[in-house]
Number of protein chains: 2
Amino acid sequence: MNTSIVRRPKPRATISDVARLAGVSISTVSRVINDTAPVSEDVEQRVRQAAEMLSYTPHAAARNLAVRKTYMIGLLLPELGNNFFAPLLRGVENAVRPTEYQLLVHASLRSLEDAPWRRSSIGEHNADGMLVFVNSTDEEELLRNYQREFPMVLLFFSGPRSANIPHIGFDNASGLRQVVEHLVTVHGRRQIAFLRGPVGNFDSDEREMAFCQTLERLGVAWRPELIVRGHYTSVGGESAIQALLDRGIAFDAVFTGDDEAATGVMAALRRANLRIPEDVAMIGFDDLPFAGYLNPPLTTIQAPVERAGFLAATKLLSILAGEIPEIATRLPVELVIRQSCGCRR
Amino acid sequence: MNTSIVRRPKPRATISDVARLAGVSISTVSRVINDTAPVSEDVEQRVRQAAEMLSYTPHAAARNLAVRKTYMIGLLLPELGNNFFAPLLRGVENAVRPTEYQLLVHASLRSLEDAPWRRSSIGEHNADGMLVFVNSTDEEELLRNYQREFPMVLLFFSGPRSANIPHIGFDNASGLRQVVEHLVTVHGRRQIAFLRGPVGNFDSDEREMAFCQTLERLGVAWRPELIVRGHYTSVGGESAIQALLDRGIAFDAVFTGDDEAATGVMAALRRANLRIPEDVAMIGFDDLPFAGYLNPPLTTIQAPVERAGFLAATKLLSILAGEIPEIATRLPVELVIRQSCGCRR
DNA sequence: AGAGTTAATGAAAGCGCTTTCAAAAGTATG
DNA sequence: CATACTTTTGAAAGCGCTTTCATTAACTCT
């Protein structure tokens, strides 16, 4: 194997090369490239031609250094596993594309061995602002960046109380209200299992609270043993429900924190010979693309993930443009009724 | 609304600030930060302390400019819609994380209004190398970058014949062979509809070829009207099959280019009161997470998407390290037999 | 025709860092 | 104690660009 023969790509044309070829100064080249000052007709032509011939493209780092901007937006995520991610990123991209900014994605299962100054590079240096997904960083760093007035928008959590950082999330309370009311009022279920996400997940916490409150409001007692922890994954859902089944805890409905977990729950229930929705009704969250194709088609809360991504990026862009946006945005969610809850077509 | 009061974040500490505070020169600071030359014990201490106090972090653009490297890997994708994307990106990230590189994601439904020098910035300037997803750019640009010896790895296509750029893809031929043989040999199907992806999609073209060849080898005539075009989406699959149905073209099996389309096909078949697999057997491609939870569970080709992402990134990193990797890598795929093909548990 | 403007251009500084080169300080050697 | 090395440090150049400021050229008016 041919190790470490460092083969640098051919040197690129610089602004000086263009200037020389066009017979002008580099200032002039800069001006025609950026259209920052009037330049005479023929000089402009010459410069453009020279640039074309050398297939010149400005060197980003140099430009960034000079203007003290990176034209980059950081996107900080925990691991990129879930299906949530595709529509979210799509939304972000759609907002960013028409601008001069680019997207720097950073999945941050932060390795602790990293040098401290390397770890958070995205937040502090390689970007002009950043979009922070829930659970992708700690409060301390968030606070540090906040104090430096580093532009940020938070996704699906609101950040430290003391900070007041703009954020975007779903209206979890309303969603839960819809779910619980539907299950209790329409289908008469009273023993609803709630398969929540991991501890510390902001949305999950909110939902759990709303779950219990709505139940109480409807005069149904909620039982702690029916609130179980999953992983927002298929196997997570499967094993959580299996555990409930094994412990002999009765329930007549299950609400899962996301659709992916719902597939696992379905598998577990089927294995236990429980019919959906007759024996146990099911409702999911997210309305992922396949939800309607499950068996039975999954009733679920539709959450506008792509829109959330789009709005978050838009918000950040507006901050970068010097505007002062609203701090909190809650996106409405809506119950999509299919058949897993017991409704007929 | 408070428009365009440009509020720059507070100025950060620079290397000179640290140097001043520590009472040394900036060269020395640079040396301790990067550990590029021996520095006496106490000076090192002083510098580290000063850096800590000012919470100094080097400015990436400046460093990049000086070392003529961006430490960034570009990832060029078409739109980020599909579910394919999450595992792919996960693989890429896993390969990139332990290194000093970062990931610059660029979804390139290139808008034609962009200035020509802006359009391709990722390829030429903001990254040290790039991962190019199929259909995310045109041959011309690929060739330009190739001639400049810009490090690239192609994902799921092999690029222009003349270029010889390293690439990673699936072993489509083998996959198709498995599918067709299974359908023909095990289940005796002879009228297999092939729902392929968009025209110009490299994988789709390869698969179509293998599809026809295998059929011929098995002595089954293939009919052009059974090869239909979809979109790698659920609705795309649905309408394609619906069209077949409407035109009264008979088939006893359908192979879809991906699992997402398969969900649509299932819907269309069900609507036509055709039973799966009795009336028409089905096989998908990709083995997306939900495939096993469809009704009936989908027999499909499992493609190691995450691994492909990981390997592609690894390959690019090795190029950046000066090694010369293999040009072509084909990842094996495997038929996962569930029930939509007609097999029993 | 000369003074006063205006438009187009270039020279040069500076963005924050790395890195080469030389100087200074310390150590070993004859 | 002078000489020859080492080791540690600083000065300064340069990476490729933007931008300010000064200069020159070209007009416009009286």
Side-chain angles (χ1 to χ4, degrees), chain A residues 8-48 50-51 54-72 100 117-118 121 124-126 128, chain B residues 8-47 50-51 54-72 100 117-118 121 124-128:
Chain A
R8 282 199 185 288
K10 291 183 186 162
R12 294 191 309 254
T14 73
I15 198 172
S16 325
D17 298 327
V18 177
R20 201 172 316 121
L21 184 57
V24 297
S25 74
I26 61 168
S27 331
T28 301
V29 176
S30 173
R31 284 191 269 257
V32 355
I33 296 277
N34 301 305
D35 194 29
T36 63
V39 164
S40 73
E41 183 69 18
D42 68 319
V43 168
E44 168 156 1
Q45 284 310 317
R46 289 216 311 280
V47 170
R48 289 210 186 288
L54 300 171
S55 58
Y56 166 72
T57 358
H59 190 308
R63 185 216 223 54
N64 294 346
L65 184 57
V67 300
R68 258 143 312 195
K69 262 191 92 159
T70 66
Y71 291 102
M72 241 175 266
E100 54 201 343
W117 61 267
R118 254 236 157 271
S121 58
E124 314 208 343
H125 289 278
N126 286 334
D128 295 337
Chain B
R8 281 202 185 287
K10 292 183 186 160
R12 294 192 310 253
T14 72
I15 198 172
S16 324
D17 298 327
V18 177
R20 202 172 316 121
L21 183 58
V24 298
S25 74
I26 60 169
S27 331
T28 302
V29 176
S30 173
R31 286 191 269 257
V32 356
I33 296 277
N34 301 304
D35 195 29
T36 63
V39 164
S40 73
E41 184 69 20
D42 69 319
V43 167
E44 167 154 2
Q45 284 309 318
R46 290 216 310 281
V47 170
L54 300 170
S55 59
Y56 167 72
T57 358
H59 189 308
R63 185 218 224 49
N64 294 347
L65 184 57
V67 302
R68 257 142 313 190
K69 261 191 92 156
T70 66
Y71 290 103
M72 241 175 267
E100 54 200 343
W117 61 267
R118 252 236 157 273
S121 57
E124 314 208 344
H125 288 279
N126 285 333
D128 295 338

B:E41 CD - D:dT7 P separation (whole Å): 17 Å
Integer-rounded Å distance: C:dC15 P and B:R12 CZ: 13 Å
Rounded distance (Å) that lies between atom C1' of D:dA11 and atom CZ of B:R20: 16 Å
Under a 4.0 Å heavy-atom criterion, the protein footprint on nucleotides 19-26 of chain C, written with B, S and -, is BB------
Can a donor-acceptor pair be found between the side chains of A:N64 and A:T70 at a distance below 3.5 Å? no
So, B:S40 versus B:D42: side-chain donor-acceptor pair below 3.5 Å or not? yes
Given D:dT8, D:dC17, C:dC17, identify the nucleotide with an atom nearest to the side chain of A:R63. D:dC17
Of the nucleotides D:dT8, C:dG16, D:dC17, which one has an atom closest to the side chain of A:H59? D:dC17
Just how far, in rounded Å, is P of C:dC15 from CG of B:N64? 18 Å
Within this structure, what is the CD1-to-P distance between B:I33 and C:dT18, rounded to whole angstrom? 8 Å
Within this structure, what is the CD-to-P distance between A:E44 and C:dA8, rounded to whole angstrom? 11 Å
Would you say A:N34 places a side-chain N or O within less than 4.0 Å of OP1 or OP2 belonging to D:dT18? yes
Below 4.0 angstrom from OP1 or OP2 of D:dG10, is there any side-chain N or O of B:T28? yes
Any donor-acceptor N/O pair, A:D128 side chain to A:Y71 backbone, under 3.5 Å: yes
note: B:K69, atom NZ; D:dG16, atom P; distance rounded to Å ~ 16 Å
When you measure from the side-chain N and O atoms of A:Y71 to the phosphate of D:dC17, is any distance below 4.0 Å, counting only OP1 and OP2? no
Is A:T14 close enough to D:dG16 that one of its side-chain N or O atoms is under 4.0 Å from OP1 or OP2 there? no
